[in-house]
Amino acid sequence: MMEKFDVDVGLKYLRGMHLNDSKTECGSNKDRHENIGLGHLKLQTFRHILSDPRVQDIPLVLETPCHEENTGSWDVWKKEIEILNRMSPGHVAGKDDLPNMHDVEGSASSETIPDHDMSSRSDPDPGSSRSDSDVLEIWTKEIQQTVDGAVSLAKRKAKKTQNKRKLAKKKKGDSEDDEIEVDEDDG
């Protein structure tokens, strides 16, 4: 993609990039944004972008769905930025980057991968026995869990707001009925 962009436009004109995954497949001619790692591009695409030396010094703008507008919480964007930072070339991997396997439901562990695959691993954390694809899968699940939590919170908050409106409307209706009754008694 970068080579094609350089030929068609020129990398010297690239001043920034919007980052988002895609809800639709390549070639759909639709621009439907998805959270990082949850669409058709997957996290590996973003790892390629972040590690490409041609784009190291340009601004990157996260342009993913916001599930938390009305909640006051920005956990999804925080998580996406955290994961993108983990994939950045200058990031030093640490124990906080790799959650315990029980932290992410359904994650593959190194025990499920045959021993002959161990030699081809590219560990972000040399002290870990997890492969690069295992780590990307774990990080994708972290993002998915954060999105699920944000959507759930937004739904609860919307339901609470809806219930408050219904109650206020009912109270307003009751007080109007009281006023009408008083007017009828006066007349």
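Note: hydrogens, waters and symmetry copies are ignored here, and every other heavy atom, side chains too, is used.
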**Asked** With hydrophobic residues grouped by side-chain heavy-atom distances under 4.5 Å, do Phe5 and Met17 end up in a single group?
**Response** yes
**Prompt:** When rounded to the nearest 0.5 angstrom, what distance separates CD in Glu80 from CG in Asn20?
**Reply:** 9.5 Å
**Request:** Report the distance from atom CG of Leu84 to atom CH2 of Trp139, rounding to the nearest 0.5 Å.
**Result:** 10.0 Å
**Message:** Quick check for you: to the nearest 0.5 Å, what is the distance between Leu38 atom CG and Ser22 atom OG?
**Reply:** 12.0 Å
**Heavy-atom closest pair, residues Trp77 and Cys66** = CZ2-CB, 3.4 Å
**Asked** side-chain contact (heavy atoms from CB on, under 4.5 Å) between Thr24 and Glu34: does it pass, once the steps are laid out?
**Response** CA-CA 9 Å; Thr24 59; Glu34 181 59 274; over 6 Å; no
**Item:** Heavy-atom pair of closest approach, residues His33 and Lys23
**Value:** O-CE, 3.3 Å
**Prompt:** Can you check side-chain contact (heavy atoms from CB on, under 4.5 Å) on Met2 and Asp52, steps first, answer last?
**Reply:** CA-CA 9 Å; Met2 294 305 292; Asp52 191 322; 3.4 Å; yes
**Item:** Closest non-hydrogen atom pair between Asn35 and Asp21, with its separation
**Value:** O-CB, 3.1 Å
**Asked** Same cluster or not: are Ile49 and Ile81 linked, directly or through other Ile, Leu, Val, Met, Phe, Trp or Tyr residues, by side-chain heavy atoms under 4.5 angstrom apart?
**Response** yes
**Item:** Taking every non-hydrogen atom, the tightest pair across Ser51 and Gln56
**Value:** C-NE2, 3.7 Å
**Item:** Side-chain (Glu63) to main-chain (Leu19) donor-acceptor, under 3.5 angstrom
**Value:** no
**Asked** With the 4.5 Å side-chain cut-off for hydrophobic clustering, are Val151 and Leu153 part of the same group?
**Response** no
**Message:** Would you say Val9 ends up clustered with Val7 if hydrophobic residues are merged whenever their side chains have heavy atoms under 4.5 Å apart, either directly or through other cluster members?
**Reply:** no
**Prompt:** When rounded to the nearest 0.5 angstrom, what is the spacing between SG in Cys26 and CG in Leu41?
**Reply:** 8.0 Å
**Request:** Could I get the full list of side chain to side chain contact (heavy atoms under 4.5 Å, CB included) partners for Gln44, not counting sequence neighbours?
**Result:** Arg47, His48, Asp132, Leu136
**Asked** Would a 4.5 Å heavy-atom cut-off, applied to side chains only, mark Ile143 and Ile83 as touching?
**Response** yes
**Asked** Is Val61 close to His18 at the side-chain level, that is, under 4.5 Å between some pair of heavy atoms?
**Response** yes
**Prompt:** What pair of heavy atoms forms the shortest contact from Ala150 to Val76, and how long is it?
**Reply:** CB-CG2, 3.6 Å
**Asked** Does atom CD of Glu25 have more than 12 heavy-atom neighbours, drawn from other residues, nucleotides or ligands, at distances under 6.0 Å?
**Response** no
**Asked** Looking at side-chain heavy atoms only, is the closest gap between Gln162 and Lys159 below 4.5 Å?
**Response** yes
**Message:** Assess the residue pair Gln144 and Thr140 against the criterion (side-chain contact (heavy atoms from CB on, under 4.5 Å)); give the C-alpha distance rounded to whole Å, side-chain angles, the decisive distance to 0.1 Å, and a yes or no.
**Reply:** CA-CA 6 Å; Gln144 184 64 62; Thr140 299; 5.6 Å; no
**Message:** Please determine whether salt bridge (charged side-chain N to carboxylate O under 4.0 Å, His left out) holds for the pair Lys78 and Glu82, giving the CA-CA distance in whole Å, both sets of side-chain angles, and the decisive distance to 0.1 Å.
**Reply:** CA-CA 6 Å; Lys78 289 175 190 173; Glu82 175 188 325; over 6 Å; no
**Asked** What residues form a side chain to side chain contact (heavy atoms under 4.5 Å, CB included) with Ser152, not counting sequence neighbours?
**Response** Arg156
**Prompt:** Hey, mind stepping through Lys164 and Lys169 against side-chain contact (heavy atoms from CB on, under 4.5 Å) and telling me if it holds?
**Reply:** CA-CA 8 Å; Lys164 284 181 180 179; Lys169 190 175 181 180; over 6 Å; no
**Message:** To check you understand the geometry: which heavy-atom pair defines the closest contact between Leu50 and Leu60, and what is its length?
**Reply:** CD2-CD1, 3.6 Å
**Request:** Could you grab the distance from atom CD of Glu3 to atom CG of Leu11, nearest 0.5 Å is fine?
**Result:** 9.5 Å
